[in-house]
Amino acid sequence: MELKPKIAVIHPNSLCCLAMRTIITDIAPFIGAFRSVETATYNSMQEFLDDEACQAIHYFVAAEVLVENLPFFAPQHRRCIVLTEGAAPAEVPAEFHTVDIRQPEREMLKCFLAMQGAAHAAHGMEPRPTPDYADLLSQREKDVLALIVKGYINKEIADMLNISTATVIFHRRNIAEKLGTKSIGRLTVYAVMNGIVGMHEL
């Protein structure tokens, strides 16, 4: 049987599995990560182990699943993100990255972007714009985008940039067309990965 490289999401909550698969398949390719890798979801460790066709290259795992199967995950902690509900349990070793799945989407995005940056830093590399999307925007569009991802509404952006609200809407439309998305999550990822805003500004 042919082994297919996959990202494995292992969580007893099916809605959490679905949400994580959506984030991974929607956001991650936009930053050049996991572009052509399938995401598989499992409700238990046994279900994952029974999938003989899966060769996981990265794991997103519920905290309780990790704790119960620590001998399996400990050697590959760099490829494993632990999904918690609130603070990480004391049983989760400090070397694992953790993400609180109850926090707002914006905060989760910041966590993933911080992890992406840490991964680059660990290998002595600077995050680079993805070739498909680099330098697509004009300077004024970048100015508008920076304010969008910081949470400002059209009228506030217009006042801050000394332009009309209609002009802001025009720039927003151009940004969405050029980047192929209206998703605030994707726009935030693009802005951070391309140096338009810093993580500390979100």
Side-chain angles (χ1 to χ4, degrees), residues 7 9 13-39 41 58 60 81 83-86 97-121 125-202:
I7 298 163
V9 179
N13 185 314
S14 295
L15 285 177
C16 180
C17 285
L18 177 62
M20 288 307 305
R21 181 164 58 189
T22 299
I23 291 171
I24 294 164
T25 57
D26 184 47
I27 301 296
F30 201 70
I31 61 176
F34 312 134
R35 188 175 293 275
S36 59
V37 178
E38 183 183 337
T39 300
T41 60
H58 206 93
F60 291 83
I81 293 175
L83 306 174
T84 68
E85 295 184 35
H97 283 297
T98 61
V99 172
D100 179 359
I101 60 174
R102 294 191 307 187
Q103 62 189 331
E105 179 189 10
R106 185 183 191 84
E107 295 305 310
M108 283 193 69
L109 271 174
K110 286 169 72 172
C111 282
F112 283 114
L113 285 166
M115 287 176 198
Q116 177 79 1
H120 281 289
M125 299 183 300
E126 289 294 323
R128 293 184 313 212
T130 57
D132 295 348
Y133 299 101
D135 299 324
L136 289 180
L137 305 182
S138 69
Q139 185 54 54
R140 181 54 94 186
E141 288 166 345
K142 290 178 181 178
D143 295 339
V144 171
L145 177 59
L147 296 174
I148 291 171
V149 302
K150 290 177 186 177
Y152 294 104
I153 62 174
N154 290 344
K155 177 72 170 75
E156 293 171 323
I157 295 171
D159 291 343
M160 294 169 83
L161 296 179
N162 258 344
I163 57 179
S164 70
T165 302
T167 301
V168 173
I169 294 169
F170 172 77
H171 286 312
R172 287 188 81 132
R173 189 178 306 118
N174 283 347
I175 292 166
E177 287 178 3
K178 287 181 178 181
L179 300 184
T181 185
K182 293 180 181 178
S183 159
I184 294 299
R186 281 187 164 209
L187 294 177
T188 301
V189 169
Y190 176 88
V192 172
M193 294 300 292
N194 288 276
I196 295 169
V197 296
M199 284 286 299
H200 64 284
E201 299 177 86
L202 297 178

Visitor: How many angstroms lie between OG1 in Thr39 and CZ in Arg21, if you round to the nearest 0.5 Å?
Guide: 7.5 Å
Visitor: Hey, could you give me the OG/CZ distance between Ser164 and Phe170, rounded to the nearest 0.5 Å?
Guide: 10.5 Å
Visitor: Within the side chain of Thr167, is there an N or O that forms a donor-acceptor pair under 3.5 Å with the backbone of Ile163?
Guide: no
Visitor: Does Thr98 reach the side chain of Ile81, with side-chain heavy atoms less than 4.5 Å apart?
Guide: no
Visitor: Taking all heavy atoms of Ala191 and all of Val149, pick out the closest pair and write down the distance.
Guide: CB-CG2, 4.2 Å
Visitor: Counting C-beta onward and ignoring hydrogens, is there a side-chain heavy-atom pair between Leu179 and Leu136 closer than 4.5 Å?
Guide: yes
Visitor: Glu156 versus Leu147: any side-chain heavy-atom pair under 4.5 Å?
Guide: no
Visitor: Closest approach of Leu187 and Leu145, non-hydrogen atoms and distance?
Guide: CB-CD1, 3.8 Å
Visitor: For a 4.5 angstrom cut-off between non-hydrogen side-chain atoms, does Asn174 reach Glu177?
Guide: yes
Visitor: How long is the span from the NZ atom in Lys150 to the CD atom in Glu201, to the nearest 0.5 Å?
Guide: 4.0 Å
Visitor: Please determine whether a side-chain nitrogen of the Lys or Arg among Lys178 and Glu141 lies less than 4.0 Å from a carboxylate oxygen of the Asp or Glu.
Guide: yes
Visitor: Thr84 vs Ile101, test: side chain to side chain contact (heavy atoms under 4.5 Å, CB included). Steps then yes/no.
Guide: CA-CA 6 Å; Thr84 68; Ile101 60 174; over 6 Å; no
Visitor: When you measure from the side chain of Asn154 to the backbone N and O of Thr165, does any donor-acceptor pair fall under 3.5 Å?
Guide: no
Visitor: Working note: Leu161 + Arg140, criterion side chain to side chain contact (heavy atoms under 4.5 Å, CB included); need CA distance, chi angles, decisive distance, verdict.
Guide: CA-CA 9 Å; Leu161 296 179; Arg140 181 54 94 186; 3.5 Å; yes
Visitor: Give a yes or no on whether Lys182 atom NZ has more than 12 heavy-atom contacts from other residues, nucleotides or ligands under 6.0 Å away.
Guide: no
Visitor: Counting C-beta onward and ignoring hydrogens, is there a side-chain heavy-atom pair between Ile7 and Glu38 closer than 4.5 Å?
Guide: no
Visitor: Considering non-hydrogen atoms only, spot the tightest contact between Leu83 and Cys16 and give its length.
Guide: CD1-SG, 4.3 Å
Visitor: Quick check for you: to the nearest 0.5 Å, what is the distance between Tyr152 atom OH and Asp159 atom CG?
Guide: 12.0 Å
Visitor: Given side chains that start at C-beta, do those of Tyr190 and Ile196 come closer than 4.5 Å, heavy atoms only?
Guide: yes
